[in-house]
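Let me begin by presenting the structure, written as structure tokens, before commenting on it.
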Amino acid sequence: MPVTNLWLLEAGHCTHPEFTVIEGGSRKHVRFPATVAVIEHSSLGVFLFDTGYSPRFHEQTRKLPEKLYALTTPVFVRPEETALHQLKAKGIRERDISHVILSHFHADHVAGVADFSHSTYVYQGIGYDAVSGLSSLGRTRAGFLAGLLPDDFNLRSRKLGADSLKTGVGIAPFGSGWDITGDGSIVLVDLPGHTKGHSGLLVQAPEGVTYFLVADACWTSRAYREMRMPHPITALIMDSRSRYRQTLEELQTLSARRPDVRIVPCHCSEAQTSIQPLSARAATA
Ligand SMILES: [Zn+2]
């Protein structure tokens, strides 16, 4: 198996009232971890799926209009909670990270991107194009903070789109995706609705286990199991509520047809516990 290990780390978190992310939820503020998937490949190095928060989020939201983002989303992240810091503690150096795959450009997914200066960034080009040309207020409304990205972000990007070859993914109703590694072990799959170009990652892990990391296609596993949409207020940051619903329905169909596929939303504490690293890494720092 090309993928030798898959594990998750939590790089900071935010809080929101539960009812905003799931229909019928309480007014209680709930903690949403910003999860980073670490995928170790036998010949191509270490891949990250998203990067979580970093203290850079607070630096980039000191002034208006970006400050509005921090005011509406309380974010908690300490320097030792960044993905880079936690990887180092596990003996993984920055230059070991060959690729950083991005599900979309909300700050909780890209705030750590600039920490990985040796990596190739992989994502759907339409996702970046949709936010990069906006005014600073437009970007803030879209949940995108341009200052989080390094200056050479474009130069080191591998953008996927309509002109890139796709392959069948074998998890109907999802049809096809972009084979990142060329061996079918890590495949990017379009999950539209949350943002333009929002993507999930299908990973063939050791021992025949298939993981579908679905990023923000839903905030919790309960949402697709019980078909509960988020509050209409989330339409403010959403590309298409009807397309989001369709993706959620497709995830429900997939989970019914293929209970062997482990669906892991980025911010779901329950799903996080379904992934245990196959080989515990000893700290070498
Ligand atoms: Zn998002």
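For reference, positions follow the sequence shown, starting with 1. Both ligands and their constituent atoms are indexed starting at 1 by order of listing. The figures that follow rest on heavy atoms only: side chains count, while hydrogens, waters and symmetry mates do not.
- Panel detail: the Zn ion (ligand 1) has protein N, O or S atoms under 2.8 Å away, 4 in number.
- At a threshold of 4.0 Å, the pair R257-E250 does not count as salt-bridged, since none of the basic side-chain nitrogens sits closer than that to a carboxylate oxygen.
- Ion pair K196/D129 not flagged as a salt bridge, since none of the NZ, NE, NH1 or NH2 atoms sits closer than 4.0 Å to an Asp/Glu carboxylate oxygen.
- The pair E10-R31 counts as a salt bridge, with a side-chain nitrogen and a carboxylate oxygen less than 4.0 angstrom apart.
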- [ ] Test V100 against F47 for side-chain contact (heavy atoms from CB on, under 4.5 Å), laying out the working first.
- [x] CA-CA 6 Å; V100 175; F47 291 67; over 6 Å; no
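- In this structure, V203 and T210 have side chains that are not in contact, with every pair of non-hydrogen atoms separated by 4.5 Å or more.
- Taking A37 as the reference, L6, L8, F49, L213 meet the side chain to side chain contact (heavy atoms under 4.5 Å, CB included) condition, with sequence neighbours excluded.
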